Amino acid sequence: MRVSLFNQLMRAGASRRDVLKGAAGMAALSAASGVGLGALTRPAFAADDLRAQILQVPGVGKGQPTDADFQKVGEMCLGATKASVKQGEFAGVELTFMGLNNQNLHNVLYRGFLKAWEDYTGAKFTWIDLAQADYGARLQQSIATGTVDFDVIEMGAPFEGDVCGKGLASEMPDWVKKQIEMDDLVNYLKPPVGTWDGKQYRVTVDGDAHNFNYRTDVFSDKGLADAWKAAGNATPWGVPTTWQQVQAVTKFLKGQKFNGQDVYGYLDAPKAWGGFGFYFLGSRATAYAKHPDDKAWLFDADTMKPRINNPAWVRAIQDVIDALPFEPADQINADPNTTGFSQFLAGTGSMIPWWGDIGSNAKTNDSSVIGDTVGFSILPGSDDVYNSKTGKWDTLASGPNFSPNCAYLGWGVYVMARVDSDEKKKKAAWSAAAHLGGKDLSLWCAAYPSGFQPYRNSHFNIPEWVAAGYDEAFITSYLKSEADSYNHPNAAIEPRIPGIFQYYSAAEDILANTFAGKMKAQEGADAIAAAWEKLTDQLGRENQIKLYKASLGV
Amino acid sequence: MAVATLGLLAIIAVQILYKTEVDTIGFETWRPVVYAYMLWGVAIGIGQVLTRGEDGQRALFLLPALLFTIAMVIFPTLFGFYIALTDWNLSSITGRKFNGLDNFWQMLADPYYRNALFNMVLYVLAVLVEYAIAFGLALLLNAQIRARKFFRVVFLMPLMLSPVAVSWMVGKSIMEYRFGPAATLARYLGWENPAFFSDPITARISIMVLDAWTFIPFMMIMLLAGLQAMSREVLEAARVDGATPWQTFWQVTFPLMLPVSVTAVILRIIFKLKLADIIITVTSGGPGGATDSVSSFIYREYRDRSNVGYGTMLAMAYLVIIVVFVTWLLKFANRFVRNVN
């Protein structure tokens with residue numbers, strides 16, 4: 001760094017530490033740019049002023065955003081709406097929005113984002129807020145009883161079979177596709193995701209994959225490194241890159257001290273969470289179960305025969321059973337919400353898989369204490385991978401098998417078909433959806449606690465994040481883990497089949513018994529397989545096979 | 001009345017034929033049938049007055065409640081029994097299908113349901129402990145102690161709280177393993193790993209304690225009312241006859257309080273049989289089903305798995321079990337009170 005630049009920064013109030021961190025970050029960026037992220041970075045231009053401005057609301061490290069910030073961002077991003085809608089054009093239109101209120105996010109933000117939109121267009125929204133665990137049931141009941149009482153819904157791609165497949169959603173007009181710049185979506189979220197029978201329904205507002213979050217301070221600690229070596233481990237102390245290593249590290253850390261406190265390794269989430277908890281077993285299993293030569297990993301594509309009781313999944317279940325005694329004493333009662341927000345962000349545990357929320361909350365959530373000590377990667381791999389076609393474990397010539405779990409495929413905003421009969425209402429609903437899925441607004445959502453992760457190619461422009469106040473090394477690590485998960489050639493893609501959460505929920509109950517020691521891993525897996533077979537028959541096997549194949553692209 | 005009845009039956013028949021796709025004429029929703037039922041009720045009322053005079057006018061006092069009960073209790077219960085005999089998964093493309101007693105046989109073989117029923121037995125037995133504590137508190141608040149009114153209000157406060165709020169405030173905050181005050185106190189007292197919801201027995205006891213904390217005030221207030229209504233002369237006579245405090249309690253107070261006690265215990269058992277919200281919020285039935293109640297299991301079956309037919313069968317079977325059990329309990333309690341007195 002030039003001395004003149006250093007002095008200028010010091011005069012501007014930056015501390016010596018900040019400057020050094022920035023310099024180190026730039027060095028890290030330079031290195032990263034050369035190995036993959038380079039293609040995703042570009043310099044910020046004057047035309048990006050709006051994006052730079054919204055990222056300063058409130059500014060990373062300046063406290064958690066409030067409703068005033070949501071409203072301000074919503075107002076600043078209203079340009080596209082003003083270009084397509086006249087002021088007061090939707091006066092008298094009343095719309096209902098159904099979505100989540102987890103962690104005071106999702107709908108809570110949307111209210112603020114839509115405030116300026118409502119003021120400008122004259123339309124009014126009423127809100128149906130749901131907890132995550134209540135969401136699926138509420139939606140299924142509305143569909144089955146013909147009581148769809150909402151015009152716009154925040155919904156995950158796994159439900160597209162239930163909603164779009166039954167003709168309940170409104171097809172996206174072309175002007176919306178243009179406004180939200182759909183080509184900017186990362187590849188794995190492009191059609192067929194968001195479509196049904198070739199029609200586009202979804203305004204994507206989120207990208208979902210489980211990445212691997214770890215504590216950099218724990219894995220760079222000399223005391224732990226010495227203890228690791230003294231315990232007879234030949235490999236150097238560092239961040240695990242395979243599940244075998246995760247297990248070894250978790251067992252090693254039990255009883256160790258770090259900064260004077262007990263330190264723990266991996267945190268499992270064994271408690272049921274309305275079906276969503278199953279994703280966390282999935283993240284442990286994909287490296288074992290998702291073979292690069294086979295797109296299927298949860299069911300056999302031709303028969304819907306469950307693979308949950310094959311040796312790969314049973315190994316993942318056994319890993320949880322083996323690891324739990326080395327995790328915090330009450331871990332059996334931890335759901336993903338606990339592991340992510342009550343434990344990891346609060347400083348307990350040194351490794352968890354989660355959606356990208358950990359990264360977007362680590363530095364911006366008031367309850368986080370790990371902002372400066374967290375790193376990210378794709379999910380660990382496995383030294384061997386199970387081949388369902390041969391029934392044998394393969395060791396790949398390329399090294400460990402990696403398979404990021406693209407769990408849930410992100411949230412989208414969908415407009416319901418019930419508005420189609422009223423052109424004014426239909427345009428209003430789609431305009432609101434387009435506003436929420438706008439390119440600039442989405443950047444803000446990715447950068448601050450919102451419940452949504454990066455999902456557009458334009459989200460991976462690191463200088464924008466750094467300008468917002470993110471530490472460069474941190475954000476490079478975070479975005480690389482997300483991009484590498486989305487773009488991985490062996491990613492495990494969520495099946496978009498009706499009733500998928502019923503499969504997960506049935507598994508959760510049986511897994512709870514298995515993790516509590518009432519069943520062996522294989523017995524539990526067999527019981528899940530039996531329950532899934534029954535469920536497939538109940539839902540209609542032929543139809544499920546057809547939709548599963550479609551979701552896999554086979 | 002006959003015309004109104006025939007009209008109502010005709011509308012119901014048309015709508016059933018339409019909904020079962022036997023006929024093409026019918027209403028999009030069932031709302032017209034509800035309106036027809038209300039009109040039928042009005043016609044029945046008018047008919048009663050016209051045909052039975054003053055007796056008919058008297059019947060008018062009863063008729064609205066009767067029609068309401070039929071619409072809101074009897075019909076839904078019968079409809080529930082019908083749903084229990086169907087295979088109805090909300091995600092199924094084929095919709096609802098009648099499947100006879102399949103759900104019933106499945107229920108008999110369901111280890112999760114049996115486990116939940118077993119847990120309910122333990123939860124119900126815990127009511128006896130709650131009763132003992134509630135009686136002790138009631139005696140305390142009935143005695144001449146300082147700030148008696150203040151304590152009465154304070155002891156009642158848990159009852160005013162929603163069980164969900166209790167779950168979060170106590171189960172997930174005060175009893176939280178890392179930072180919870182209860183866990184900190186337990187560590188201070190020598191419990192190395194104070195995890196209240198990890199071990200099956202501890203978790204079950206913890207749920208019982210949480211539930212008891214909420215509902216002991218309910219029993220306490222009933223018992224306190226009973227104690228205050230008790231004749232003081234009887235107690236004074238016991239003292240004059242030289243009875244010790246224990247003898248006074250055991251041979252005078254307790255027998256005289258039996259009717260109130262039985263009422264309090266039975267009402268509390270009925271509340272207990274519905275135990276769900278604390279379990280759903282704190283443990284989701286875990287670890288390994290150790291804390292699962294029938295209601296929390298049905299909740300998962302119905303809500304998370306959208307398995308409406310089977311979930312309804314579980315609920316209906318539980319309803320029958322409760323009705324039989326409470327009927328037996330009332331008879332047993334009556335006989336017990338008669339024998340003691």
Side-chain angles (χ1 to χ4, degrees), chain A residues 133-134 136-146 161-162 165-166 270-275 277 324 328-335 338 342-343 346-348 497-506 508-510 512-519 527 531 534-535 538-540 542-544, chain B residues 28-30 87-97 99 106 111-112 115 171-173 175-180 183 191-200 202-203 206 280-292 296-297 299-311:
Chain A
D134 295 331
R138 174 67 162 83
L139 179 57
Q140 294 286 10
Q141 282 167 12
S142 295
I143 296 166
T145 56
D162 293 296
K166 291 178 179 168
K271 186 180 160 194
W273 204 41
L324 278 174
D330 64 339
Q331 202 61 27
I332 190 104
N333 196 38
D335 60 27
T338 304
S342 302
Q343 292 185 313
T348 299
I497 54 175
I500 188 68
F501 276 90
Q502 297 182 37
Y503 290 96
Y504 295 163
S505 173
E508 279 185 346
D509 259 16
I510 298 166
N513 276 0
T514 311
F515 297 148
K518 291 171 99 174
M519 297 163 133
K534 193 171 180 188
L535 185 54
Q538 190 182 31
L539 297 175
E542 291 309 312
N543 196 50
Q544 294 294 86
Chain B
E28 198 51 44
T29 71
W30 286 84
D87 176 8
W88 190 15
N89 186 307
L90 294 184
S91 291
S92 169
I93 49 166
T94 54
R96 193 171 62 216
K97 287 175 293 188
N99 68 347
Q106 183 184 343
Y112 294 88
N115 169 68
K172 300 194 86 161
S173 299
M175 297 170 86
E176 205 274 334
Y177 171 69
R178 281 158 291 276
F179 318 110
W191 184 4
E192 196 180 346
N193 284 314
F196 293 101
F197 302 102
S198 295
D199 168 72
T202 316
S206 299
I280 290 165
T281 311
V282 180
T283 64
S284 292
T291 59
D292 218 2
S296 65
F297 175 62
Y299 179 77
R300 287 202 306 284
E301 191 63 43
Y302 203 107
R303 188 200 65 160
D304 295 345
R305 307 205 253 288
S306 302
N307 208 350
V308 177
Y310 183 56

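Computed from a predicted model, the values in this text were never measured in an experiment. Below, chain A is the first sequence line, B the second, and so on; all start at residue 1.
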In sequence, state the C-alpha distance, the side-chain angles, and the governing distance for B:N307 and A:Q502, and then conclude on side chain to side chain donor-acceptor pair (under 3.5 Å). CA-CA 9 Å; B:N307 208 350; A:Q502 297 182 37; over 6 Å; no

If you count heavy-atom pairs under 4.5 Å with chain B, which of A:G275, A:G540, A:A506, A:A516 comes out on top? A:A506

Closest non-hydrogen contact found for A:P498 with B:S91 is CB-O, 4.2 Å

Distance check, rounded to the nearest 0.5 Å: B:K172 atom NZ versus A:N333 atom CG? 7.5 Å

Cut-off 4.5 Å, heavy atoms of chain A, and the answer for B:D199 is neither

For B:F297, is it the side chain, the backbone, both or neither that has a heavy atom under 4.5 Å from a heavy atom of chain A? side chain

Could you tell me if the side chain of B:N89 sits less than 4.5 Å from the side chain of A:L539, heavy atoms only? yes

Contact summary for A:A272 and B:S284, nearest pair of heavy atoms: O-OG, 3.6 Å

Between atom CD of A:Q141 and atom OH of B:Y302, what is the distance when rounded to the nearest 0.5 Å? 6.5 Å

Give, as side chain, backbone, both or neither, the part of A:T338 having an atom under 4.5 angstrom from any heavy atom of chain B. side chain

Donor-acceptor under 3.5 Å (B:S198 side chain, A:I332 main chain): no

Rounded to the nearest 0.5 angstrom, the CG-CD distance for A:D330 and B:E176 is 6.5 Å

If you tally heavy-atom pairs under 4.5 Å against chain B, which of A:D335, A:I510, A:L535 wins? A:I510

Contacts of B:R96 that satisfy salt bridge (Lys or Arg N to Asp or Glu O under 4.0 Å) - sequence neighbours left out: none

Sorted by chain and number, sequence neighbours left out, ring-ring contact (aromatic ring centres under 6.0 Å, His included) with B:W30 holds for none

Measuring from atom CD of A:Q538 to atom NZ of B:K97, what distance do you get when rounded to the nearest 0.5 angstrom? 7.5 Å

Counting heavy-atom pairs under 4.5 angstrom with chain B, the leader among A:A329, A:A144, A:S342, A:A137 is A:A329

Let me confirm one number: the NZ-CD distance from A:K534 to B:Q106, rounded to the nearest 0.5 Å. 3.0 Å

For each of A:N543, A:D509, A:D162, A:I143, tally heavy-atom pairs with chain B at distances under 4.5 Å, and name the one with the top tally. A:D509

Ranking A:R138, A:E508, A:K271, A:K166 by heavy-atom pairs under 4.5 Å to chain B gives rank one to A:K271

Under 4.5 Å from any heavy atom of chain A, what part of B:Y299 do you find: side chain, backbone, both or neither? side chain

Min side-chain heavy-atom separation A:N513-B:Y112 under 4.5 Å: yes

